[in-house]
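Worksheet for the structure shown next.
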Amino acid sequence: MAQDTLTITDNRTNRTYTLPIENGTIRAMDLRQMKTGPEDFGLMTYDPAFMNTAACRSSITFIDGERGILEYRGYPIEVLAEHCTFLEVAYLLLFGELPDEPELKSWTNEITHHSMLQEATKKFMEGFRYDAHPMAMLVSTVAALSAVYPGAKEVHDPANRLLQIKRLIGKMPSIAAMSYRHNVGFPYVYPDNDLSYTENFMNMLWKMVEPKYVANPVLARALDILFILHADHEQNCSTSAMRSVGSSYADPYLATAAAAAALSGSLHGGANEQVLKMLDEIGSKENVPAYLKKVREGHVKLMGFGHRVYKNYDPRAKIIKWAAEQVFEVTGRNPKLDIGLELERIALEDDYFVSRKLYPNVDFYSGIIYQAMGFKPEMFTALFAIPRTVGWLAQWQEMIVDPEQKISRPRQIYTGQRARRFLPMEERQAADVAKMDR
Ligand code: CMC
């Protein structure tokens, strides 16, 4: 009868070991018993970039990358995007169940009442240079909240954790909006508690002198759907940063700042801004084949394409294409969509992309919608950070209460020198540091 075990013979010693297989994994620590002698540390795995290592158990988000399936707490993303609001999905991600009506009302009310920033935080933001990138401001300001809420370090107190979670979800749009207003030189707008989460964000971004901001309902709903799509994506780079930093019991503001910093990179959330720059560079549909040639030759990457997990169409990209049509009915069509569609059409028939299973990811079309809605490309990654904060916090909370988790601390294979003789200053010769790969 088939057994859920793996038998390994260590040819160095001729010893055989039988390891349990659970959930399609073996435990890396089970390898440690495989030694060549008492002095041997024991076998480890080498997995740069965690290509094949599960670092946690999680019941939040399920992805089947081969089939292009994404589920939050067991619900398909398509269903949630069609029927829910972002705050409803935030509740689901954090607590595991969809809220009933009174629960959603009270949850929405609580998040809304945490949207205000202290004046000290506002002054902190005012100190940035006029042209500071919104993500630089967002990362620093979220970290600075640690100074405003020093009690947040009590990470083992469930009530305290929940309070910080609500504060972070409530304040993230305010921080992002203020970074934008700072960048364009307009006065900051305070939150309006009459408005929904996304309407209020639009209010803080775009209110000018009118007494009451009224958001276009189609655009507010499209933004809400985009927030739902970006809310969580299991163990991506920024979530791993959140878990890793949080595993040292750093407070959630500092851990979220670390996660947002990871998100800002161009291979991760920063890709949406890069996609727009790429479309600008391509300029028109006619230039698409020449650009794809540069990609094939390895001179540039096709931004917004490819994914570590999805080897099929990213289900979020499909919903975004649908949302784009709704937005364009209000704003008019963003001509960049045509370049994007042409890139996708040719790439999906091209052997380079087909053989590598490279498909459009969530960042490919999101920027085109954001731009049509009036966002500057520098804001795109902040628009990703607002909803992903929910995912980071859900994953952080899960990590904190998981008895199997410890401080995150990978191993290394040391490749440097050992036991060198120390040279006094007069014996040293200048090394050509410019040639050294540092
Ligand atoms: N353009 C051209 N070639 C690519 C691309 C791309 N966008 N993505 C992957 N490849 C090639 C890569 O060069 C490699 O080719 P080869 O086997 O000949 O060396 C092969 O495909 C496998 O790629 P990889 O680099 O091993 O894949 P990875 O899992 O390490 O990287 C990725 C995943 C998302 C970083 C990468 O696909 C990429 O850089 N994409 C562009 C940036 C982007 O759109 N990022 C957003 C990701 S989705 C949202 C998010 O996570 O924030």
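Both backbone and side-chain heavy atoms feed into the values below; hydrogens, waters and symmetry mates do not. In listed order, ligands and their atoms are each counted from 1.
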| message | Check this for me: does any side-chain nitrogen of one of Asp224 and Arg221 sit under 4.0 Å from a carboxylate oxygen of the other? | response | yes
| request: Take every heavy atom of Asn236, measure it against each atom of ligand 1, and state whether any distance is under 4.0 Å. | output: no
| So, for atom 26 (O) of ligand 1, does the protein have a heavy atom nearer than 4.0 Å? | no
| said: My question is simple, although I want it checked carefully: is atom 49 (C) of ligand 1 less than 4.0 angstrom from any protein heavy atom? | reply: yes
| request: Specify side chain, backbone, both or neither for Asp363, according to which of its non-hydrogen atoms lie closer than 4.0 Å to ligand 1. | output: side chain
| Numbering the atoms of ligand 1 from 1, which are under 4.0 Å from a heavy atom of Val295? | 2 (C)
| Close side-chain approach of Phe364 and Ile320, heavy atoms under 4.5 Å | no
| Thinking salt bridges, do Glu78 and Lys318 make one under a 4.0 Å N-O criterion? | no
| message | Apply side chain to side chain contact (heavy atoms under 4.5 Å, CB included) to residues Met137 and His182 and explain how you reach the verdict. | response | CA-CA 10 Å; Met137 288 183 71; His182 182 84; 3.6 Å; yes
| message | Suppose we measure from atom 7 (N) of ligand 1 to each protein heavy atom; which comes out shortest, and what is that distance? | response | Leu302 O, 2.7 Å
| field | Lys293 NZ: over 12 foreign heavy atoms closer than 6.0 Å | value | no
| task | Would you confirm whether any non-hydrogen atom of the protein falls under 4.0 Å from atom 19 (O) of ligand 1? | result | no
| query | For atom 51 (O) of ligand 1, what's the nearest protein heavy atom and its distance? | reply | His268 ND1, 3.0 Å
| query | Looking at Lys336 and Asp280, does any basic side-chain N land under 4.0 Å from a carboxylate oxygen? | reply | yes
| Checking ring pair (Phe, Tyr, Trp, His ring centres under 6.0 Å) for the pair His233/Phe384: CA distance, chi angles, key distance, verdict? | CA-CA 12 Å; His233 213 232; Phe384 193 153; 8.8 Å; no
| Would you call Asn109 and His113 a side-chain contact if the rule is heavy atoms closer than 4.5 Å? | yes
| query | Just wondering, do Leu31 and Leu19 contact through their side chains at under 4.5 Å, heavy atoms? | reply | yes
| request: Give the residue and atom name of whichever protein heavy atom lies nearest to atom 38 (C) of ligand 1, and the separation in Å to one decimal. | output: Lys301 NZ, 3.5 Å
| query | Which atoms of ligand 1 sit under 4.0 Å from any heavy atom of Gly269? | reply | 52 (O)
| task | Could you list which atoms of ligand 1 come closer than 4.0 Å to a heavy atom of Val362? | result | 49 (C)
| What residue and atom, counting heavy atoms only, is the protein's closest point to atom 34 (C) of ligand 1, and at what distance? | Gly306 O, 3.7 Å
| task | May I ask you to identify the nearest protein heavy atom to atom 9 (C) of ligand 1, giving residue, atom name and distance to one decimal place in Å? | result | Leu358 CD2, 3.5 Å
| Please state which protein non-hydrogen atom is closest to atom 16 (P) of ligand 1 and give its distance, to 0.1 Å? | Arg356 NE, 3.6 Å
| query | With a cut-off of 4.0 Å, which atoms of ligand 1 are near a heavy atom of Gly304? | reply | 43 (C), 44 (O)
| said: Checking a contact table here: which protein heavy atom is nearest atom 29 (O) of ligand 1, and how many Å away? | reply: Arg308 NE, 2.7 Å
| task | Take Trp206 and Phe186 through the ring pair (Phe, Tyr, Trp, His ring centres under 6.0 Å) test and state the conclusion after the steps. | result | CA-CA 10 Å; Trp206 293 318; Phe186 291 143; over 10 Å; no
| task | Locate the shortest heavy-atom distance separating Ser58 from Glu398; write the atom from each residue and the value. | result | OG-OE1, 2.6 Å
| field | Shortest protein heavy-atom distance from atom 47 (C) of ligand 1, along with the residue and atom involved | value | Asn361 ND2, 3.5 Å
| request: Please could you name the atoms of ligand 1 that Ala271 approaches to less than 4.0 Å, counting only its heavy atoms? | output: 43 (C), 44 (O), 45 (N), 46 (C)
| said: Could you check whether atom OH of Tyr414 has more than 12 heavy atoms from other residues, nucleotides or ligands sitting under 6.0 Å from it? | reply: yes
| request: Show which atoms of ligand 1 fall inside a sub-4.0 Å distance from at least one heavy-atom site of Leu267. | output: 39 (O), 43 (C), 45 (N), 46 (C), 47 (C)
| said: Closer than 4.0 angstrom, basic N to acidic O: yes or no for Glu342 and Arg345? | reply: yes
| Do other residues, nucleotides or ligands put more than 12 heavy atoms under 6.0 Å from Glu97 CD? | no
| task | Determine, considering heavy atoms only, which of Tyr352, Tyr310, Phe305, Phe384 sits nearest to atom 41 (C) of ligand 1. | result | Phe305
| query | Among Met303, His230, His307, whose heavy atom sits nearest atom 42 (C) of ligand 1? | reply | Met303
| Looking at atom 32 (C) of ligand 1, would you say a protein heavy atom lies below 4.0 Å from it? | no
| Would a search of protein heavy atoms around atom 23 (O) of ligand 1 find one under 4.0 Å away? | no
